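To start, the structure under review is shown below, and the notes come after it.
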Amino acid sequence: MRDGCAIVTGSARGIGAATATALAEDGWPVVINYRSDAESAEALAASIDGHGGRALAVAADVTDPEQISALFERAESEFGPVLVLVNNAGLRADGLAPQLAAEQWQTVLETNLSAAFHTTRRALRPMIRARFGRIVNVASIVGPRANAGQSNYAASKAGLIGFTKTVAVEVARRGVTVNAVAPGLIETKLTEGISNGLSERVPARRAGTPEEVAACIGFLASEQAAYVTGATLAVDGGLSA
């Protein structure tokens, strides 16, 4: 078992749950963060514990800096310093830009982008002190690639990629890496309603799985990825190519 722990935001299901499982299999005690789905989060923690890992489910709205502080304090008191942070929490509120409500814009930007800023800021000082840290942000190919009806989502994910690159440069000498993954069409609840016909445009001719994204995140969180920072890894079956 490793010293320190990992936090995966929005990890009750989908890519987050697969990532929490992968990190636990790699020896990290994992904090499973959720906002409302306590049943799924607790079940995942029990599954990880049952397979010889260590996991804790903690409720926190990552758009609230005070709740983020409480999340990290709970993780640190239970498992030690947070040395891996995966910013996975995200949501969609689609609509064409002329009809997009201000609330739809604000909610998506706060959840998908601002939350990553708040969690990253909280995580960095302990990582810098430890001379080791891994931050992985879950972006999307919708950031650099247009998708009509998702201007808010695209803006948040493009911003997340820019944020990733900048912070990576700032902390590269400190043993801390900051990277992003950009999933394409992945079989999750978040992609429900937008997958019809899209798989035919994917060169691989299928949707990806959360586990395939989690495997890439696991690599970026590993010691083997120490010289990879500021990168965005597309996990999209060739769609962005």
Side-chain angles (χ1 to χ4, degrees), residues 1-11 15-16 19-20 22-33 53-56 58 60-90 110-139 143 156-182 214 216-233:
M1 193 64 66
R2 296 175 181 271
D3 296 328
C5 67
I7 288 178
V8 185
T9 68
S11 50
I15 292 171
T19 299
L23 291 174
E25 289 173 350
D26 197 34
W28 289 103
V30 179
V31 175
I32 299 159
N33 162 247
R54 297 177 68 194
L56 177 69
V58 180
D61 182 345
V62 290
T63 67
D64 181 346
E66 290 186 2
Q67 293 191 44
I68 289 171
S69 293
L71 169 66
F72 274 78
E73 288 168 6
R74 181 77 188 281
E76 290 161 348
S77 66
E78 188 77 20
F79 296 135
V82 177
L83 300 181
V84 175
L85 170 65
V86 180
N87 286 309
N88 170 73
E110 286 180 356
T111 303
N112 297 2
L113 179 57
S114 296
F117 161 69
H118 293 303
T119 55
T120 298
R121 182 175 60 175
R122 175 60 176 79
L124 279 176
R125 287 187 186 276
M127 290 180 177
I128 289 169
R129 283 197 297 269
R131 306 292 294 185
F132 178 91
R134 298 288 185 266
I135 298 174
V136 184
N137 298 317
V138 180
S156 70
K157 295 302 186 178
L160 189 58
I161 291 171
F163 175 70
T164 297
K165 292 178 179 181
T166 303
V167 178
V169 170
E170 292 174 350
V171 299
R173 292 183 297 169
R174 307 290 187 166
V176 179
T177 67
V178 187
N179 293 289
V181 294
C216 296
I217 295 172
F219 166 70
L220 293 173
S222 71
E223 290 89 345
Q224 289 76 18
Y227 203 55
V228 182
T229 196
T232 299
L233 175 58

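Since the model is a prediction, treat every value here as computed from it, not as a measurement. Heads up: numbering here begins at 1 and tracks the sequence.
Each of Val86, Leu124, Thr177, Val84 was checked for a side chain to side chain contact (heavy atoms under 4.5 Å, CB included) with Ile135, and the lone residue meeting it is Leu124.
Partners of Arg74 under the side chain to side chain donor-acceptor pair (under 3.5 Å) rule, at least two apart in sequence or in another chain, do not exist in this structure. In terms of the side chain to side chain donor-acceptor pair (under 3.5 Å) criterion, Asn179 has no residue partners (sequence neighbours excluded). In this structure, Glu66 has no salt bridge (charged side-chain N to carboxylate O under 4.0 Å, His left out) partners at least two apart in sequence or on a different chain. Partners of Asp61 according to the salt bridge (charged side-chain N to carboxylate O under 4.0 Å, His left out) rule, which considers only residues two or more places apart in sequence or in another chain, do not exist here.
Ring geometry for Phe163 against Phe117 counts as perpendicular: the plane angle is over 60°, on a 0 to 90° scale with 30° as the lower cut.
Going from atom OG1 of Thr63 over to atom CD1 of Ile68 covers 7.5 Å, rounded to the nearest 0.5 Å. To the nearest 0.5 Å, atom CG of residue Leu113 and atom NE2 of residue His118 are 9.5 Å apart. Distance check, rounded to the nearest 0.5 Å: OG1 of Thr119 to CG of Asn87 gives 3.5 Å.
Screening residues 115-125 for salt bridge (Lys or Arg N to Asp or Glu O under 4.0 Å) gives Glu76-Arg122 as the qualifying pairs, with residues at least two apart or on separate chains.
At least one donor-acceptor pair under 3.5 Å links the side chain of Thr229 to the backbone N or O of Val178. When atom types are taken as modelled, the side chain of Thr9 and the backbone of Ala89 share a donor-acceptor pair closer than 3.5 angstrom. Judged purely by atom type and a 3.5 angstrom limit, Asn33 uses its side chain to pair as donor or acceptor with the backbone of Gly10.
Phe132 places a side-chain heavy atom less than 4.5 Å from the side chain of Glu223.
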Validation: residues 167-176 side-chain donor-acceptor distances under 3.5 Å, sequence neighbours left out:
none

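One side chain, Asn137 or Thr164, offers a donor N or O that lies under 3.5 Å from an acceptor on the other.
Residues Ala130 and Leu83 come closest through the heavy atom pair CB-CD2, 3.9 Å.
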